[in-house]
Structure formats: structure tokens, C-alpha cells
Amino acid sequence: MPQQRHPASPSPAPGDGVTDARLLTEAVTRLRRALRASIRTDYPWEQLPMAQVELLQVLAEHSPARISDLATRQRLAASTVSGLIGQMINAGLVARAVDPADRRASVVTLTEAGRTQLIAWAGAHERRLDDALAALDEVDRAAVRAALPGLLRIARHLEGDPDVG
């Protein structure tokens, strides 16, 4: 009789009859959790919640933006994004201004402080990942490197990019 795995049990190994999707889900989940935990340990100054980091990342690529557009991009309720933006305005990471295309609406832009914070956050994560990659042998590093284009295509597909096929 096959042994059943408890969700909190050690990660399944490839070839255990587990789907690629399950293995990828496990890897992404554990990697995000480990990055979040290690960044707070190694860089205690880094206290930005992930939801705010993701909004900063979107604003770095698409600024200025309306709150409704940010909510659509992040697949969040406009009220949730509005609350996060309010916190980020108070922290000086973003600014609200009148939308030049429609003076009745407002847009959000990334401030210099927000850009600086985002660069510091990305740099800290890159250093953590550089250290982790350096701990791997060359075969595993090459496997990770080879997987990156496919992983990025999966992300674009999940984001709804129609050019990914």
C-alpha cells in the first residue's frame, strides 16, 4: 500500500509519482518562505511587507498608475490596494497626484525613497540567492540556470501574457 504524505512532511522527491506541478509548487513555496525568513534575519532593517514590495515593483515598471489599475494587476480588491498605498504614502515610498488625463482621478507614483527601498530590497535578496547558489555544486547551479527561461515563461503565462504559448 503506498505511503501517504502529510502536507507538512519532507518534500517529495522527483520520481515519487508526484507531478511536476506539485514539485514546482513545493519549491516555490519553500523558496519564498526561506527568503522571507532569511532576509529578516540577515537584514533586520528590511521590514517591508511583501504586498508593499510587490506594489513597489509594479510601480517601478508602470508609473504613474491608478489604484484600480494596480488592483487589477495584482488581482486584489481596490480597497486593499488603497489601504496599502495609504501606508506607503505615510512611509514616503509613493506619492499620490492628480491624473493629468482625468483631473477627477488620482495616480500613484514611486518616490525616490520608494525606489531606493526597492533597490535595497532587491539587492538583499540577490545577495542571499548568490550565497545559496554558491553553496550548490556546478551541476545544480547549471540546472537552476537552465530552468530560469522556462520558469520565467511560466510566470508570464500565469500573469496572462498572451504571447506565451
Side-chain angles (χ1 to χ4, degrees), residues 8 11 21-100 105-138 140-161 163-164:
S11 298
R22 167 100 186 273
L23 290 170
L24 183 56
T25 298
E26 175 79 14
V28 168
T29 300
R30 291 187 66 189
L31 185 58
R32 283 182 58 109
R33 187 180 319 121
L35 275 170
R36 263 195 323 271
S38 69
I39 198 80
R40 304 251 192 280
T41 300
D42 294 345
Y43 302 96
W45 51 263
E46 180 49 68
Q47 295 299 315
L48 269 184
M50 198 60 210
Q52 290 185 13
V53 170
E54 290 172 354
L55 284 171
L56 290 176
Q57 290 170 328
V58 170
L59 284 168
E61 294 178 22
H62 309 280
S63 187
R66 290 183 177 191
I67 288 186
S68 60
D69 294 336
L70 292 170
T72 299
R73 281 187 187 283
Q74 295 304 103
R75 295 182 176 100
L76 295 170
S79 61
T80 299
V81 173
S82 182
L84 289 167
I85 292 296
Q87 294 167 8
M88 295 165 72
I89 288 170
N90 291 338
L93 302 174
V94 298
R96 192 184 319 256
V98 173
D99 185 345
S106 64
V107 291
V108 180
T109 57
L110 194 60
T111 64
E112 195 54 43
R115 189 171 310 285
T116 299
Q117 183 73 27
L118 184 58
I119 289 168
W121 180 91
H125 276 287
E126 287 172 20
R127 285 188 294 278
R128 293 296 297 140
L129 285 169
D130 279 342
D131 290 347
L133 288 166
L136 298 177
D137 63 30
E138 184 51 42
D140 282 344
R141 274 194 305 277
V144 170
R145 196 176 307 116
L148 291 174
L151 292 171
L152 291 170
R153 281 191 296 280
I154 288 170
R156 288 190 4 242
H157 173 78
L158 292 171
E159 290 167 346
D161 187 336
D163 295 332
V164 179

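Counting from 1, the numbers follow the sequence of the chain as shown. Quantities reported herein were computed from a predicted structural model and do not represent experimental measurements.
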Original post:
Are the side chains of Val28 and Leu151 in touch, meaning some heavy atoms are under 4.5 Å apart?
Top reply: no
**OP:** Would you give the length of the straight line joining atom CG of Leu70 to atom CG of Leu84, rounded to the nearest 0.5 angstrom?
**Re:** 10.0 Å
Original post:
For the atom pair CD (Glu126) and CG (Leu133), what is the distance rounded to the nearest 0.5 Å?
Top reply: 11.0 Å
Subject >> Minimum heavy-atom distance between Leu110 and Ser63, given as atom pair plus value >> reply: N-OG, 3.5 Å
Original post:
Heavy atoms, side chains only, cut-off 4.5 Å: are Leu31 and Leu129 in contact?
Top reply: yes
Original post:
For Ser106 and Arg66, which heavy atoms make the closest approach, and how far apart are they?
Top reply: O-CG, 3.6 Å
Subject >> Minimum heavy-atom distance Arg75-Gly160, with the two atoms named >> reply: NH2-N, 4.3 Å
**OP:** Mind checking the CZ-CD spacing from Arg73 to Glu54? Nearest 0.5 Å is all I need.
**Re:** 13.5 Å
Subject >> Which atom of Thr111 lies closest to which atom of Leu93, heavy atoms considered >> reply: OG1-O, 2.9 Å
Original post:
What is the distance from atom CD of Gln52 to atom CG of Leu118, rounded to the nearest 0.5 Å?
Top reply: 12.0 Å
Subject >> Short N-O contact, Arg141 and Glu138, less than 4.0 angstrom >> reply: yes
**OP:** Report the distance from atom CG of Leu55 to atom CE of Met50, rounding to the nearest 0.5 Å.
**Re:** 10.5 Å
**OP:** Measure the spacing between OG1 of Thr80 and CD1 of Ile85 and express it to the nearest 0.5 Å.
**Re:** 11.5 Å
Subject >> Beyond-backbone contact of Val108 with Ile89, side-chain heavy atoms, under 4.5 angstrom >> reply: no
**OP:** Return the minimal non-hydrogen interatomic distance between Ala113 and Gly92, and the atom names on each side.
**Re:** CB-O, 3.5 Å
Original post:
Do the non-hydrogen side-chain atoms of Leu152 and Arg156 ever get within less than 4.5 Å of each other?
Top reply: no
Original post:
Short question: side chain of Ser82, backbone of Ala78 - any donor-acceptor pair under 3.5 Å?
Top reply: no
Original post:
Would you find more than 12 non-hydrogen atoms of other residues, nucleotides or ligands less than 6.0 Å from Arg32 atom CZ?
Top reply: no
